[in-house]
Amino acid sequence: MRRRSVSLLGLAGLLALPLTVLPQAQAADGVVSTGKTVTASSVETSAFGAGLAVDGNTATRWASLEGVDPQWIRVDLGANHAISRVKLNWEDAYGKTYRIQTSADGSNWTDVYSTTAGDGATDDLTVSGSGRYVRMYGTGRGTAYGYSLWEFEVYGAPSGGGGGGGTGVPFGSHLKPYAAGMLKPSGSQAAIDQKVVDYYNRWKSAFVRQNCGNGWYQIISPDADHPYVAEAQGYGMVVTATMAGADPDAKKIFDGLVKWKIDHPSSVNPNLLAAEQDTACRSVNGGDGATDGDMDVAYGLLLADKQWGSTGTYNYKDLALKHIAAIKKDELNPTTKLLKLGDWSSSGDQYYWISRTSDWMVDHFRAFRTASGDTTWDAVRTAHQTQISRLQSTYASGTGLLPDFVVDTNTTPKPAPGQVLEDPNDGAYWWNACRTPWRIADDAVTSGDATSLAAARKLNSWIKTKTGGDPNKIAIGYKLNGTQISSGSEAAFFAPFAVAAMTDSGSQAWLDALWNKMLATPIDTSSYFSASIQLQVMITVSGNHWVP
């Protein structure tokens, strides 16, 4: 689009709680934990993995590290359940002091049983609780060894509802770990996650709207050419799907954004989203599509399918696959395998061999390949990564910066020589390319891909040196050689570098400085662009971005 110029419980207070528990009771519900996803605080060796406690085999077991408290094992039931019974089949290494806890989101826990007098063997417990997650949280070992369970059985029935809303990857659950070695801001995970939730709530208040009726939700864009632009709706779909579990209204908002997408089809390809709407919510400027918005719409639909499934009001998976196929048909140059500016550009026009670097979302290409099974997306990913590396080495060897637009993609791609679409700085690191450190590093932290890591680290090394480690010195725009274009400070320019900083083991202080600057920057309610970028950066930096 056109731019304007929970941490673990402490060891204190572990006395038995006054809970009503009837040992050895028999409930009518069946086992719901067998074969489900399990995580644990530790394992003694790889021969005693957490999954062995829910494999239905009493000859295999999970065992924690020896001599260490606290320890825990957690089972993900996949959806909210009413929990009626938990059965612990202990090996010799048992828990003397432990709790059984439930959670809707994997972060906030409720005790449904507590004891300080466990004696091993089998604990068959009648409990009353609900949640998607159930864990045994041990704080006092019964032996000098660790904790070990032949089987960890949870009994119950699906109930729906709950704080997590039956979501597949609730915000804050961290079920999709990043590649090894990625940094996160200093501090407790729970506190970091809460800062993201706080910022999200302010962003939501500033930009999420229900205008024009018709069941629509929209992300308003006061700083764009029109009140509603596809780029903003794409951001909104990705954000709300990701924040499910933290926002009980996430699905309602997402479905309103889906209805907006369906009711505002591109005039070129109706499976894409028309790029711009006026105050009356009518598509304008020909009603064609913009690639950046469509990329995020498709990605958001894939997230929604993983979060809520596709059997409700909307079949998210089907809509996503149609959107992905439409991007391939009308927003991808079939010769270069590089993205076009929109579905409105066709062979023979002056824009056909131009691409916008901020559209080059490598993790999205991976998700499209997984969802569609179409190997074309492997070639597309490779083509874009190749150009990122080539542009960095050829035109920005000292900085790693990318230009807003690349021209001559059919011969030798190069930065725009001047204004080709939006601005005299189309060939510089300006209001489009400012997003590229975030987009490149999103793939680096989630995939560990060597090419993405190298590109992100090049950017991080330059900006850290350029500013002397002071985020307040990150300017608004640069020539590709690093010459500053404009003074001032803008979240759209400083926030994306935080994701790049995550990729460098020597950048902890720099990452902390960027994180603290984001926390100290209030939302500019006149700029959905900067606020939406910072929010998505905070989601990634906190460890909550994931690839469906």
Student: Assert yes or no for the condition that the ring centre distance of Trp203 to Tyr528 is strictly below 6.0 Å.
Tutor: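 When the ring centroids of Trp203 and Tyr528 are compared, they turn out to be at least 6.0 Å apart.
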Student: Do Gln277 side-chain atoms and Pro227 backbone N/O form a donor-acceptor pair below 3.5 Å?
Tutor: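 A pair under 3.5 Å: no.
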Student: Will you find, in the side chains of Ser507 and Asn460, an N or O donor that is under 3.5 Å from an N or O acceptor?
Tutor: yes
Student: Indicate the atoms forming the closest heavy-atom contact of Ile533 with Pro496, along with that distance.
Tutor: CG2-CG, 3.8 Å
Student: Atom OG in Ser397, atom CG in Leu391: separation rounded to 0.5 Å?
Tutor: 12.5 Å
Student: Side chains of Lys329 and Asn269: donor-acceptor distance under 3.5 Å anywhere?
Tutor: no
Student: Mind jotting down which residue pairs meet the ring pair (Phe, Tyr, Trp, His ring centres under 6.0 Å) criterion with at least one end in residues 469-491? Sequence neighbours excluded, please.
Tutor: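 Qualifying pairs, neighbours excluded: Trp462-Tyr478.
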Student: Kindly determine whether Leu453 and Met182 satisfy side-chain contact (heavy atoms from CB on, under 4.5 Å), including the steps that lead there.
Tutor: CA-CA 10 Å; Leu453 281 169; Met182 298 300 110; 3.9 Å; yes
Student: Please name the pair of heavy atoms, one in Tyr429 and one in Pro437, separated by the smallest distance, quoted to 0.1 Å.
Tutor: OH-CG, 3.2 Å
Student: Keeping Tyr395 on the side-chain end and Leu401 on the backbone end, is there a donor-acceptor pair under 3.5 Å?
Tutor: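 Judged by distance alone, no pair lies under 3.5 Å.
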Student: Is Ser530 reaching over with its side chain to a backbone N or O of Glu490, donor-acceptor style, under 3.5 angstrom?
Tutor: no
Student: Can you find a pair of side-chain heavy atoms, one from Thr399 and one from Asn481, that are under 4.5 Å apart?
Tutor: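 No, side chains not in contact.
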Student: For Gln385, which residues count as a side chain to side chain donor-acceptor pair (under 3.5 Å) partner, sequence neighbours excluded?
Tutor: Arg381, Asp449, Ser452
Student: Parallel, tilted or perpendicular: which fits the ring planes of Trp431 and Phe529, with parallel below 30° and perpendicular above 60°?
Tutor: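 Aromatic pair Trp431/Phe529 classed tilted.
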Student: Determine whether the side chains of Asp288 and Ser267 contain a donor N or O and an acceptor N or O closer than 3.5 Å.
Tutor: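 On atom types as modelled, these side chains do not qualify, holding no pair under 3.5 Å.
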Student: Could you give the distance from CG (Leu402) to OG (Ser358), rounded to the nearest 0.5 Å?
Tutor: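 If we round to the nearest 0.5 Å, Leu402:CG and Ser358:OG are 10.0 Å apart.
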Student: Which residue pairs pass the disulfide (SG to SG under 2.5 Å) test when at least one of the two sits in residues 189-228, sequence neighbours left out?
Tutor: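 Pairs touching residues 189-228 that pass the test: Cys212-Cys281.
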Student: Could you please spell out the steps behind the side-chain contact (heavy atoms from CB on, under 4.5 Å) verdict for Ile476 and Ile485?
Tutor: CA-CA 7 Å; Ile476 299 177; Ile485 294 177; over 6 Å; no
Student: Determine whether a donor-acceptor pair (N or O, by modelled atom type, separation under 3.5 Å) exists between the side chain of Asp294 and the backbone of Leu273.
Tutor: yes
Student: Indicate whether the side chain of Thr446 and that of Asp363 have a donor and an acceptor atom separated by less than 3.5 Å.
Tutor: no
Student: Under 4.0 Å between a Lys/Arg side-chain N and an Asp/Glu carboxylate O for Arg282 and Glu276?
Tutor: no
Student: State plainly whether the residues Asp296 and Arg439 are in salt-bridge range, i.e. N to O under 4.0 Å.
Tutor: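 Here Asp296 pairs with Arg439 in a salt bridge, since their nearest N and O are under 4.0 Å apart.
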Student: For Lys340, which of Ile327, Asn333, Leu332 qualifies under side-chain contact (heavy atoms from CB on, under 4.5 Å)?
Tutor: Asn333
Student: Which heavy atom in Ala244 sits nearest to a heavy atom in Gln307, and how many Å separate them?
Tutor: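 Answer, listing the atom of Ala244 first, then Gln307: CB-NE2, 3.7 Å.
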Student: Determine yes or no for a side-chain-to-main-chain donor-acceptor pair under 3.5 angstrom, with Thr540 supplying the side chain and Val499 the backbone.
Tutor: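 Checking the backbone N and O of Val499 against the side chain of Thr540, no donor-acceptor pair under 3.5 Å is found.
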Student: Which atoms form the tightest heavy-atom contact between Gly342 and Glu331, and what is the distance?
Tutor: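 For Gly342 and Glu331, the tightest heavy-atom pair comes out as C-CG, 3.8 Å.
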Student: To the nearest 0.5 Å, what is the distance between OG (Ser188) and CD (Gln194)?
Tutor: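 Taking OG in Ser188 and CD in Gln194, the distance rounds to 10.0 Å.
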Student: Looking only at side-chain N and O atoms, does Asp223 offer a donor or acceptor that is under 3.5 Å from a partner on Ser526?
Tutor: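 Ser526 vs Asp223: no donor-acceptor pair found between side chains.
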Student: With rounding to the nearest 0.5 angstrom, report the CG to CG distance, Asp292 to Asn432.
Tutor: 7.5 Å
Student: What about the rings of Phe365 and Trp360, do their centers lie closer together than 6.0 Å?
Tutor: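 Centroid separation for Phe365 and Trp360: 6.0 Å or greater.
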Student: Which heavy atom in Lys176 sits nearest to a heavy atom in Val169, and how many Å separate them?
Tutor: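 Minimum heavy-atom separation between Lys176 and Val169: CE-CG2, 4.0 Å.
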Student: May I ask you to say whether Asp198 pairs ionically with Lys195, meaning some side-chain N is under 4.0 Å from a carboxylate O?
Tutor: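 Salt bridge flag = no for Lys195 with Asp198.
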Student: For the side chain of Ser461 and the backbone of Arg457, is there at least one donor-acceptor N/O pair under 3.5 Å apart?
Tutor: no
Student: Just to verify, what does Asp504 make a salt bridge (charged side-chain N to carboxylate O under 4.0 Å, His left out) with, not counting sequence neighbours?
Tutor: Lys464
Student: Strictly by ring pair (Phe, Tyr, Trp, His ring centres under 6.0 Å), give each pair with a member in residues 259-290 just once, sequence neighbours left out.
Tutor: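 For residues 259-290: Trp216-Trp260, Trp216-His264, Tyr228-Trp260, Trp260-His264.
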Student: Holding to side-chain contact (heavy atoms from CB on, under 4.5 Å), I want the full list of residues that pass it with Thr412, two or more places apart in sequence or in another chain.
Tutor: Arg390
Student: Where is the tightest heavy-atom contact between Gly427 and Pro403, given as atom of each residue plus distance?
Tutor: O-CB, 3.3 Å
Student: OH of Tyr351 to CH2 of Trp344: how many Å apart, nearest 0.5 Å?
Tutor: 6.0 Å
Student: Atom NZ of residue position Lys184 - does it have more than 12 heavy atoms of other residues, nucleotides or ligands inside 6.0 Å?
Tutor: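 Counting other residues, nucleotides and ligands, NZ of Lys184 exceeds 12 neighbours.
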Student: Do the charged groups of Lys259 and Asp255 touch, with an N to O distance under 4.0 Å?
Tutor: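 Looking at Asp255 together with Lys259, the answer is no, because their closest N to O distance does not fall below 4.0 Å.
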Student: I'd like to know whether Ile354 forms a side-chain contact (heavy atoms from CB on, under 4.5 Å) with Val406, so could you lay out the CA-CA distance, the side-chain angles of the two residues, the decisive distance to 0.1 Å, and finally the verdict.
Tutor: CA-CA 6 Å; Ile354 298 177; Val406 176; over 6 Å; no
Student: Is any side-chain heavy atom of Tyr217 closer than 4.5 Å to a side-chain heavy atom of Thr240?
Tutor: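 In short, these two side chains do not touch, never coming nearer than 4.5 Å.
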Student: Quick check: does any side chain N or O of Asp512 sit under 3.5 Å from a backbone N or O of Ser186, one acting as donor and the other as acceptor?
Tutor: yes
Student: Decide yes or no on side-chain hydrogen bond (donor to acceptor under 3.5 Å, both in side chains) for Lys517 and Ser489, but give the supporting numbers first.
Tutor: CA-CA 11 Å; Lys517 180 169 177 61; Ser489 182; 3.3 Å; yes
Student: Hey, would you say the Phe254 and Tyr316 ring centroids sit under 6.0 Å apart?
Tutor: yes
Student: Between Asp359 and Arg356, does any side-chain N to carboxylate O distance fall below 4.0 Å?
Tutor: yes
Student: Decide whether His323 and Lys261 meet the rule of one side-chain donor and one side-chain acceptor closer than 3.5 Å.
Tutor: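 Distance-only check passes for His323 and Lys261.
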Student: Should we count NZ of Lys306 as having more than 12 external heavy atoms under 6.0 Å?
Tutor: no
Student: Side chains of Asn425 and Asp404 only: does a donor on one sit below 3.5 Å from an acceptor on the other?
Tutor: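 No.
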Student: Which value, rounded to the nearest 0.5 Å, describes the distance between Tyr235 atom OH and Ile219 atom CD1?
Tutor: 12.0 Å
Student: Indicate yes or no for a side-chain donor-acceptor contact from Thr483 to the backbone of Lys479 under 3.5 Å, with no hydrogens or angles considered.
Tutor: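 Not at all, since once roles are kept as given, no pair shorter than 3.5 Å links the two residues.
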Student: Compute whether any side-chain donor of one residue and acceptor of the other, for Asp442 and His364, lie under 3.5 angstrom apart.
Tutor: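 Side chains of Asp442 and His364: no pair found under 3.5 Å.
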Student: For the side chain of Asp426 and the backbone of Glu422, is there at least one donor-acceptor N/O pair under 3.5 Å apart?
Tutor: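 Present.
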Student: Quick one: does Asp343's side chain have a donor or acceptor within less than 3.5 Å of a partner on Gly289's backbone?
Tutor: yes
Student: Is the shortest heavy-atom distance from the side chain of Trp546 to the side chain of Pro548 under 4.5 Å?
Tutor: yes
Student: Hey, are Arg369 and Asp374 close enough for a salt bridge, meaning a charged N less than 4.0 Å from a carboxylate O?
Tutor: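 Not counted as a salt bridge, because no side-chain N and carboxylate O are separated by less than 4.0 Å.
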